[in-house]
Amino acid sequence: MSKKAYTEQEREQVGRDLLSVGLEMLSQRGLKNTRLQDILQAVGILKPFFYGNYYTSLAELVIHIIDYEMALLLQAAKDDAARQDISLEEKINRLIQMAVHSRQHHFFVMTQEEELWVHKHLSPEDFDIYQQGQVQFYEQLLSLWHIPEEKCTPKELGNLLLTVVLIYNSAVRSLPFFFPEELERTAQAQAAALSRYLSSLV
């Protein structure tokens, strides 16, 4: 199919499909069990077309998928921010719960192992661009929640959120001294405490 003459509109649609199909596969299978070929086959393109028009590697596609899902998470946070029937603490907690229980919401949150793999396969320049996008995402969350940056910087917010999410997603495979049977209760307690803390900064 890569020999087909695509219109610009079709190319753009393929680009969107790569992100949405890739996100769905990663959210359900994880990075270890997702091959680039699986994504390309589901989208209906061949590797030469992929490499010639979109990305240079699976790692580059993965970080663009994460950028794509951050936009979806931000929209969910905006929708909650507009609600009058729940408190700010609840709004923050809802976002944390979406990230913690990412598979249920069809989001992909990297484990510690997956982060190391992606970092290893990215150029320093691409990693810097990725980090800048992360910072912008956390800036937008702080703005939505009306939390002043002098009380919590975007990078600090990122570290706080990732601490909860990474432990929950990585403990079974990467943190053998954690008690897996208590991970759910631990995550709930951490999410509640973090939501309470962040809402107190307003």
Side-chain angles (χ1 to χ4, degrees), residues 9 12-28 30-31 39 43 54-55 60-111 114-115 118 126-169 184 187-202:
Q9 192 173 17
E12 290 175 1
Q13 183 59 54
V14 169
R16 290 191 291 269
D17 290 345
L18 284 169
L19 297 176
S20 60
V21 170
L23 174 57
E24 181 64 25
M25 283 194 181
L26 288 169
S27 70
Q28 300 308 309
L31 183 54
I39 298 173
V43 172
Y54 298 102
Y55 305 105
E60 187 182 354
L61 174 59
V62 167
I63 61 167
H64 280 82
I65 288 171
I66 292 172
D67 288 340
Y68 168 70
E69 77 172 346
M70 283 195 302
L72 299 177
L73 280 168
L74 188 62
Q75 186 57 55
K78 286 179 179 178
D79 292 343
D80 275 350
R83 292 180 58 175
Q84 302 297 319
D85 59 323
I86 56 176
S87 67
L88 176 61
E89 184 176 331
E90 290 173 289
K91 293 172 184 178
I92 296 172
N93 194 286
R94 281 167 60 86
L95 185 79
I96 298 173
Q97 295 296 338
M98 287 178 70
V100 167
H101 301 104
S102 53
R103 285 196 171 195
Q104 295 175 23
H105 298 278
H106 302 276
F107 288 116
F108 170 58
V109 174
M110 288 188 285
T111 64
E114 289 168 337
E115 282 199 354
V118 172
D126 284 340
F127 182 71
D128 285 343
I129 293 170
Y130 169 72
Q131 288 285 70
Q132 290 167 20
Q134 294 273 296
V135 170
Q136 290 172 1
F137 171 69
Y138 296 124
E139 283 175 348
Q140 291 172 300
L141 286 181
L142 289 172
S143 177
L144 272 179
W145 296 335
H146 304 291
I147 298 174
E149 288 193 22
E150 59 267 23
K151 291 189 176 180
C152 182
T153 69
K155 292 178 181 179
E156 181 186 1
L157 176 63
N159 284 349
L160 288 168
L161 293 174
L162 288 173
T163 298
V164 179
V165 175
L166 268 176
I167 288 176
Y168 183 82
N169 281 279
E184 184 62 38
Q188 294 304 318
Q190 289 178 314
L194 180 53
S195 302
R196 194 177 311 117
Y197 166 70
L198 291 171
S199 62
S200 75
L201 300 179
V202 176

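The basis for the numbers below is simple: all heavy atoms, side chains too, and nothing from hydrogens, waters or symmetry mates. Sequential numbering from 1 along the given sequence is applied to the chain's residues.
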Does a side-chain heavy-atom distance below 4.5 Å link [X] with [Y]?
{"X": "L144", "Y": "L74", "value": "yes"}
{"X": "Y138", "Y": "L142", "value": "no"}
{"X": "V62", "Y": "F108", "value": "yes"}
{"X": "R94", "Y": "I86", "value": "yes"}
{"X": "Y54", "Y": "L61", "value": "no"}

Under a 3.5 Å cutoff, is there a donor and acceptor pairing between the side chains of [X] and [Y]?
{"X": "Q190", "Y": "Y168", "value": "no"}
{"X": "S143", "Y": "Q140", "value": "no"}
{"X": "D79", "Y": "Q75", "value": "yes"}

Please identify each residue that fulfils side chain to side chain contact (heavy atoms under 4.5 Å, CB included) with Q97, with sequence neighbours left out. N93, H101, Q188, A191
Selection residues 140-163 - residue pairs positive for ring pair (Phe, Tyr, Trp, His ring centres under 6.0 Å), sequence neighbours left out: none
Under the rule for salt bridge (charged side-chain N to carboxylate O under 4.0 Å, His left out), what residues qualify as partners of R83, not counting sequence neighbours? D80, D85
Report, one line per pair, each donor and acceptor closer than 3.5 Å where one atom sits in a side chain of residues 152-163; sequence neighbours left out.
from, atom 1, to, atom 2, distance (Å)
T153, OG1, E156, N, 3.0
T163, OG1, N159, O, 2.6

Those residues that, when tested against Y130, pass ring pair (Phe, Tyr, Trp, His ring centres under 6.0 Å) (two or more places apart): none
With sequence neighbours excluded, what pairs up with Y55 under the ring pair (Phe, Tyr, Trp, His ring centres under 6.0 Å) test? F50, H64
Under the 3.5 angstrom rule, does the side chain of E114 hit a backbone N or O of T111 as a donor-acceptor pair? yes
Of the non-hydrogen atoms in S199 and E89, which two are nearest, and what is the gap between them? OG-CB, 3.8 Å
Mind listing the closest non-hydrogen atom pair of G22 and I39 along with its distance? CA-CD1, 4.0 Å
Check whether more than 12 heavy atoms from other residues, nucleotides or ligands sit under 6.0 Å from atom CD of Q9, and answer yes or no. no
